[in-house]
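Worth saying up front: this structure is predicted, and the values here are computed from it rather than measured.
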Amino acid sequence: MATPFLVGVAVATTALAGRYGLLAWQAFKARPPKMRKFYEGGFQSTMTRREAALILGIRESATPDKVKEAHRKVMVANHPDAGGSHYLASKINEAKDLMLGKTKGGGSVF
């Protein structure tokens, strides 16, 4: 008499655990993918070497060749002729000029 009761309790417990396990798995699969952490916040009023390096995706101590290569890659993705923003393109150019030491001190046109 006790054996069928214990078997019933075990089956019910297994069913509930399986149900909650499936619900947890579905919730885990439905969560958004973890995105890479990017620099949060807007642009500073006057660009610094740190901000320029963040925009170009390089180190502050990068060589001029690395700066030019990074500038080219970022501009290809954000060029206004390819649907990019004029504002972002001006900030990318400003970052390259600052990293190469060619700043005129005027900042962005925008």
Side-chain angles (χ1 to χ4, degrees):
M1 182 87 158
T3 305
F5 176 73
L6 291 176
V7 169
V9 169
V11 168
T13 304
T14 305
L16 284 174
R19 178 174 182 245
Y20 288 117
L22 284 174
L23 289 174
W25 176 251
Q26 289 173 349
F28 176 76
K29 283 178 45 178
R31 77 185 191 332
K34 199 169 203 174
M35 300 301 284
R36 182 176 167 201
K37 184 76 172 166
F38 289 102
Y39 176 71
E40 294 179 4
F43 296 110
Q44 298 172 2
S45 58
T46 56
M47 188 175 293
T48 61
R49 280 189 70 83
R50 179 178 180 273
E51 186 179 23
L54 285 170
I55 289 170
L56 295 174
I58 56 176
R59 295 177 185 223
E60 291 181 46
S61 59
T63 64
D65 290 335
K66 291 275 187 189
V67 172
K68 291 175 185 174
E69 181 182 337
H71 173 263
R72 185 185 160 285
K73 286 181 182 178
V74 175
M75 276 305 285
V76 165
N78 294 293
H79 199 276
D81 291 345
S85 164
H86 290 278
Y87 178 72
L88 288 179
S90 72
K91 284 296 191 179
I92 294 166
N93 287 330
E94 183 182 355
K96 179 195 76 159
D97 290 343
L98 187 113
M99 293 297 289
L100 294 176
K102 297 180 182 178
T103 55
K104 299 173 185 88
S108 177
V109 200
F110 295 96

- Salt-bridge criterion met for E94 and K91 (N-O under 4.0 Å): yes
- What closest approach, in Å, do S85 and P80 show between heavy atoms, and which atom pair accounts for it? O-CG, 4.0 Å
- Message: Once rounded to the nearest 0.5 Å, what's the spacing between atom CG of L56 and atom CE of M75?
- Response: 10.5 Å
- Note on the structure: OG1 of T48 to CG of L54, rounded to nearest 0.5 Å, is 8.0 Å
- Item | CE on M99 to OG1 on T63, rounded to 0.5 Å | 9.5 Å
- Message: Quick check: is I92 connected to V76 through a chain of hydrophobic side chains (ILVMFWY, heavy atoms under 4.5 Å apart)?
- Response: no
- Message: So, taking the atom named NZ in K73 and the one named CD1 in I58, what distance separates them when rounded to the nearest 0.5 Å?
- Response: 11.0 Å
- State, yes or no, whether a side-chain contact exists between L100 and H71 at a heavy-atom distance under 4.5 Å. no
- Taken to the nearest 0.5 Å, the spacing of I55 CD1 from R50 CZ works out to 11.0 Å
